[in-house]
Amino acid sequence: MAYEYRSGSQTLELPNPYAVENKLRFAIGAIVAGIAIALLFSVRARLSGGWSGATLLPLICALLLLVYAVSTIATAMLQLRFFFGRDRPGNLIPTDSNYSAPNTTQIGAYLREIVQRGALHFPEPKGALNGLLYYLQPNLIFAPAPLQNLVQAQFRTALATAAIFVSFLVSWLLLGQADYAQWLGAMYFVLTVVTVFKPLRDTGSANASYAVPIVLTLAAVLGPVVITLIAPPISVLRDITLFGATLTMLALTGLATLIFFFALRAQLNRVTPASSSMHQMPLSMNCQPSQLLDELSRRLQEQWREQIPNRNYALLRPEINMSTESSGTFSGELLEETQPIPEQVEPHRSFRDCFNDPRRKLILILQLLGSALLIAAAICAGLAVWLHTPSEMLHAPAGTINTLLFAAVFFFVGVHSFRGAHWLFGRFDFESRLYWFELKGNYQIASLDYGNVLSDRLKTRKNLINVETATLRVWIVDLHSTAYDSLTSAKNKWGRYATAMIGRKQDATTLAESLAQFAQEQSIVVAPTSAQDAQKAAAMAALGTSTNPNNISPEMAAGLIGTNGNIENP
């Protein structure tokens with residue numbers, strides 16, 4: 001909701017994007033905390049028989065589960081309220097600035113470029129893997145920059161996981177001695193954990209992953225032979241199912257990655273042609289060109305959305321020095337964007353709403369999968385140290401270690417799935433209108449006398465600016481932009497990326513013609529405007545036409561006498 005006082009409109013009160021996630025976090029935290037507390041009671045009962053290594057393992061496991069439960073619940077509590085003030089979303093982000101927060105000058109230059117060209121610019125992907133990715137998904141090029149980076153990172157993770165899986169199967173077939181198989185299983189298990197648990201928002205070079213297939217190929221072909229030469233057998237852990245745990249992690253990661261990739265595809269907008277509309281016309285006037293900017297500012301202020309000032313990216317007032325210059329050139333500019341408004345009023349997000357929304361359905365499924373895996377990890381960890389007696393842990397540790405190993409597998413994949421879904425939930429689409437006014441031309445200083453030189457006693461003189469056939473240009477476009485709550489950096493919180501642009505030709509024509517009419521209707525004659533000035537002017541005119549100047553009527557005298565009783569302007 002918006003933290004803006006005295007706001008009677010509901011337009012800017014966006015729903016909490018993490019409402020469903022919070023429910024899942026509270027459920028996960030409650031279950032994990034319950035398991036941790038049960039383990040603590042088990043440790044207390046075992047401590048009565050004396051301190052041993054079998055008592056330490058349940059205690060460590062209970063503490064880890066309790067820490068995770070508290071952190072998960074704390075995160076959900078921080079996300080209970082979703083604040084969206086009038087300073088959000090942020091300004092538009094130029095294509096080449098990525099995650100950095102641009103200044104007003106950079107934004108203005110970016111908007112001028114896309115409006116003049118009538119087309120949006122998107123960066124060209126680099127690297128061999130990105131070449132394959134954009135070949136498989138061509139419309140990805142039209143996605144916002146944060147989403148593109150996330151898809152690229154996820155695609156690299158998917159390919160790395162697939163390469164690990166192939167290398168793992170080849171090594172498994174080539175390795176004949178079970179005593180050395182545990183070393184190979186441990187190597188692939190660690191490699192899989194590192195690949196799955198690394199941050200998805202990796203914005204490093206796309207060429208950095210060239211070494212991955214080379215290393216995996218060498219590990220698959222030469223790994224079994226090298227291990228038999230340099231590594232001693234670890235027969236103590238002969239019964240540890242490292243191969244099974246690694247295979248399970250790879251399979252679950254592949255499933256989560258597949259759901260994640262299709263959820264990302266659902267985030268892609270429908271490609272719409274970008275367009276821009278401009279109306280240009282000659283303009284002749286006898287007034288200060290700055291008056292057009294003032295009139296335009298007044299009209300734009302009347303159209304403020306939700307009474308929020310427009311975002312000004314450029315303002316150049318024409319500078320004309322009438323005291324030192326008799327002619328010259330001038331230019332004026334105004335570039336403003338209205339307050340971005342959500343494209344549609346979204347309902348409160350619930351499980352049903354997410355399942356009915358094609359853009360969020362797969363995200364929710366991914367988060368449900370991550371929740372199930374996290375709960376399964378807690379259950380496996382609890383069972384590993386609860387069901388096995390201290391004697392079994394010390395003399396036959398294979399059962400406990402295998403259960404803890406699968407608990408770690410479920411935990412890593414669950415965090416990977418839950419984290420990715422969280423990033424995709426915080427998306428909002430906005431629409432705004434952009435106004436660009438440009439005025440250029442030449443001027444000359446002229447003078448105007450008004451009144452009959454021989455008979456009139458009240459005459460006026462005015463120096464004015466004469467403009468002939470100046471160029472007036474007006475652009476009006478509707479912008480569609482996308483902002484993410486979690487995919488942008490702290491410096492650029494809620495920064496927006498333009499995804500579509502539609503020109504409004506009729507609106508630009510109407511505004512330009514209206515401004516031209518306003519300029520041509522400006523008065524060039526200096527005349528009294530107050531009632532007292534008009535009364536004095538009438539008295540002076542009557543006095544000037546009177547045949548007997550000494551015969552002044554009371555009304556005529558009242559028109560010439562001020563409040564202090566003295567005759568003014570005798």
For [X] and [Y], which heavy atoms make the closest approach, and how far apart are they?
X: Gln148; Y: Ile141; value: NE2-O, 3.1 Å
X: Leu373; Y: Phe410; value: O-CB, 3.3 Å
X: Pro358; Y: Ala266; value: O-CB, 3.8 Å
X: Val474; Y: Ala508; value: O-CB, 3.6 Å
X: Ala33; Y: Ala69; value: N-CB, 3.6 Å
X: Thr469; Y: Ser284; value: N-OG, 3.0 Å

With sequence neighbours left out, what residues match Tyr110 under ring pair (Phe, Tyr, Trp, His ring centres under 6.0 Å)?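 Partners of Tyr110 under the ring pair (Phe, Tyr, Trp, His ring centres under 6.0 Å) test: none.
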So, do [X] and [Y] sit near enough that their side-chain heavy atoms are less than 4.5 Å apart?
X: Asp429; Y: Arg359; result: yes
X: Leu24; Y: Phe351; result: yes
X: Leu335; Y: Val115; result: no
X: Val151; Y: Leu140; result: yes
X: Ser432; Y: Arg496; result: yes

Would you sort out whether Leu147 and Leu268 count as a side chain to side chain contact (heavy atoms under 4.5 Å, CB included), showing the intermediate values? CA-CA 9 Å; Leu147 185 60; Leu268 300 180; 4.0 Å; yes
[X] side-chain N/O to [Y] backbone N/O, donor-acceptor pair under 3.5 Å:
X: Ser276; Y: Gln116; answer: no
X: Lys505; Y: Met278; answer: yes
X: Thr499; Y: His480; answer: yes
X: Asp357; Y: Asp353; answer: no
X: Ser290; Y: Arg317; answer: no
X: Ser71; Y: Val67; answer: yes
X: Asn16; Y: Tyr18; answer: yes

Would you please classify the geometry between the Phe411 ring and the Tyr68 ring as parallel, tilted or perpendicular, with 30° and 60° separating the classes?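 Rings of Tyr68 and Phe411: perpendicular, as their planes differ by over 60°.
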Parallel, tilted or perpendicular for His416 and Phe260, by the 30°/60° rule? perpendicular
Can you name the residues that form a side chain to side chain donor-acceptor pair (under 3.5 Å) with Gln79, not counting sequence neighbours?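 Checked Gln79 against side chain to side chain donor-acceptor pair (under 3.5 Å); matches are Glu21, Asn22.
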May I ask you to say whether Arg112 pairs ionically with Glu438, meaning some side-chain N is under 4.0 Å from a carboxylate O? no
Tell me whether Glu302 is salt-bridged to Arg298, with the criterion being a basic N under 4.0 Å from an acidic carboxylate O. no
Summary of salt bridge (Lys or Arg N to Asp or Glu O under 4.0 Å) pairs that have at least one residue in residues 249-262, sequence neighbours excluded: none
